[in-house]
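Report on one structure; see the data block that follows.
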Amino acid sequence: MAIAALVLGICGFFFVTPIVGLVLGLVALSSVRRTGQKGKGLAVSGIVLSSLWIALFATLITVAIIVTPDPAQRDANGNVVKAGAVPVFKLHPKDCFTLPAGALGSSNNDTRTLKVVPCSTPHDSEAFAYFDATESSFPGVDGLRTDGVSQCVQKLDGYLPDPASLPSGSRVQFIYPNKDAWGQGERRVTCFLQFPSATMTQSVQRDLSSYNADQVRFLNAVNPLAEAVSELNALPDSADLSTLQMSAGAISNAAQAEVTALTAQPWPSDVQPMVDALVAKQGQVAHLWARAAGDDDESTFEDDAHQANAAFDMKDMQAIRSALGFTTIAGGAGGGQAAA
């Protein structure tokens with residue numbers, strides 16, 4: 001037993017062996033004292049080694065408990081009521097948090113948890129949707145980014161029908177699995193809004209019923225064009241001309257559809273002149289994007305895309321929004337993609 005205690009003490013890194021070694025060492029030491037047999041030195045060595053291993057494991061467990069953040073607490077509706085840690089791939093819509101420095105723009109980011117807080121607590125980000133990537137093999141960073149922007153922008157309308165009401169500088173972002181996480185079976189892409197600073201103290205979620213009929217009509221008219229432009233902006237630098245042409249064609253169609261929707265019915269008398277001014281310019285925008293969609297080289301495409309962007313006058317849009325009574329959500333608000 002003394003020999004076994006020593007061997008198990010030496011092999012204490014197997015975790016359970018130092019416990020058995022300690023027991024055998026104590027029994028062996030007691031037997032040696034009672035019978036006078038040899039083995040006292042072996043038993044004592046086994047007891048000491050096993051005790052050291054047990055003390056080491058106890059220290060490591062204590063440190064792990066201290067440094068591991070408490071999990072977030074939620075109410076019956078799933079809303080965070082007490083700040084705490086949430087795995088990055090288990091974020092809920094309406095989870096508010098402040099993104100750690102350096103978490104954006106890196107496909108090698110190994111962040112595994114985020115500290116979520118009640119949305120009344122200052123924060124700079126808010127999750128609003130998620131989806132599972134469906135590719136059978138890792139699609140690469142560019143593939144996940146393109147898919148992320150496309151789906152997240154579309155899902156935002158269901159969470160916040162008026163994205164233009166966000167504080168200036170707000171951006172749609174997403175957390176996607178990097179290659180290592182993908183290899184472990186993770187497929188979830190989480191969509192979130194990031195604001196320029198951690199000063200937001202409310203959720204930005206809004207229900208469509210909180211808008212009046214004219215506001216809903218206006219949002220239905222203009223949001224598809226904003227989504228089409230966002231998808232073009234999200235294309236990777238490596239996108240080929242055919243992909244750019246397809247996106248330009250989608251923008252042209254959305255701009256023309258916006259004109260049709262804005263002119264389908266009359267607007268209130270104080271709003272109609274502003275809508276007429278916007279419609280005139282959006283017709284030109286649709287024409288320029290259609291021309292870009294037919295360009296046969298990237299240089300010409302870039303020139304036409306630049307002209308199309310310049311033709312869009314944000315002042316007309318803001319004037320209509322003001323006349324229709326749209327408001328900006330109070331708070332601070334900022335951008336990239338995070339891979340985990």
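Note on Leu288: it does not cluster hydrophobically with Met314, by side-chain heavy-atom contacts below 4.5 Å among ILVMFWY residues. Transitive grouping of hydrophobic side chains (ILVMFWY, heavy atoms separated by less than 4.5 Å) brings Leu278 and Val259 into a common cluster. Ile329 and Val117 fall into different hydrophobic clusters, where Ile, Leu, Val, Met, Phe, Trp and Tyr residues are linked whenever their side-chain heavy atoms come under 4.5 Å apart, directly or through other members. Linking Ile, Leu, Val, Met, Phe, Trp and Tyr whenever their side-chain heavy atoms come within less than 4.5 Å puts Leu166 and Leu208 in one cluster. By the rule that hydrophobic residues join a cluster once side-chain heavy atoms approach within less than 4.5 Å of another member, Leu144 and Val153 end up as members of one cluster.
Side-chain contact check for Asp132 versus Val189: every heavy-atom pair is 4.5 Å or farther apart. When side chains are defined from C-beta on, Ser120 does not count as touching Thr201, because their heavy atoms never get closer than 4.5 Å. In this structure, the side chains of Val149 and Val172 stay at 4.5 Å or more apart for every pair of heavy atoms. At a threshold of 4.5 Å between non-hydrogen side-chain atoms, the residues Asp147 and Gln151 count as touching. Here the side chains of Glu227 and Ser150 are not in contact, with every heavy-atom distance at 4.5 Å or above. Counting heavy atoms from C-beta outward, Ile320 and Val275 have side chains that approach closer than 4.5 Å. In this structure the side chain of Tyr211 reaches within 4.5 angstrom of the side chain of Pro161, judged on heavy atoms. In this structure, the side chains of Trp289 and Gln307 stay at 4.5 Å or more apart for every pair of heavy atoms.
From Asp295, atom CG reaches atom CG of Leu244 across 10.5 Å, with rounding to the nearest 0.5 Å. Atom NZ of Lys115 sits about 9.0 Å away from atom OG1 of Thr121, to the nearest 0.5 Å. Rounding to the nearest 0.5 Å gives a distance of 4.5 Å between SG of Cys191 and CZ of Phe128. In this structure, the separation between CD on Glu302 and CG on Leu241 is 10.0 Å, given to the nearest 0.5 Å. With rounding to the nearest 0.5 angstrom, the CG atom of Leu193 is 11.0 Å from the CD atom of Gln205. Here the CZ-OG distance, from Phe195 to Ser125, works out to 7.0 Å after rounding to the nearest 0.5 Å.
Side chains of Glu231 and Ser247: no donor on one and acceptor on the other come within 3.5 Å. Between the side chains of Asp180 and Gln184, no donor N or O sits under 3.5 Å from an acceptor N or O. Of the N and O atoms on the side chains of Thr300 and Asp303, not one donor lies less than 3.5 Å from an acceptor on the other residue.
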Please list, one pair per line, the donor and acceptor atoms closer than 3.5 Å that link side chains of residues 83-98 to other protein atoms, with sequence neighbours excluded.
unit_1: His92; atom_1: ND1; unit_2: Arg74; atom_2: NH1; d: 3.4
unit_1: Asp95; atom_1: OD1; unit_2: Arg74; atom_2: NH1; d: 2.8
unit_1: Asp95; atom_1: OD2; unit_2: Arg74; atom_2: NH2; d: 2.8
unit_1: Asp95; atom_1: OD2; unit_2: His92; atom_2: N; d: 2.8

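Sequence neighbours left out, the pairs with a member in residues 258-268 that pass side chain to side chain donor-acceptor pair (under 3.5 Å) are Glu258-Gln282.
Judged by distance alone, the side chain of Asp162 and the main-chain N or O of Leu219 form no donor-acceptor pair under 3.5 Å. Ser230 places a side-chain N or O within donor-acceptor distance of the main-chain N or O of Ala226, the cut-off being under 3.5 Å. Side-chain atoms of Asp297 come within 3.5 Å of backbone atoms of Ser299 as a donor-acceptor pair (strictly under, hydrogens ignored). Of the possible donor and acceptor atoms, none in the side chain of Asp207 sits under 3.5 Å from a partner among the backbone N and O of Ser210. A donor-acceptor pair is defined here as one N or O able to donate and one able to accept, closer than 3.5 Å; such a pair exists between the side chain of Glu186 and the backbone of Arg188.
Crowding of Lys281 atom NZ: a count of heavy atoms from other residues, nucleotides or ligands under 6.0 Å exceeding 12. No more than 12 heavy atoms of other residues, nucleotides or ligands shown are found within 6.0 angstrom of OH on Tyr130.
Under the 30°/60° scheme for interplanar angles, the aromatic rings of Phe138 and Trp182 are found to stand perpendicular.
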From CA spacing to verdict: side chain to side chain donor-acceptor pair (under 3.5 Å), Glu126, Tyr159: CA-CA 11 Å; Glu126 180 175 343; Tyr159 191 83; 2.4 Å; yes

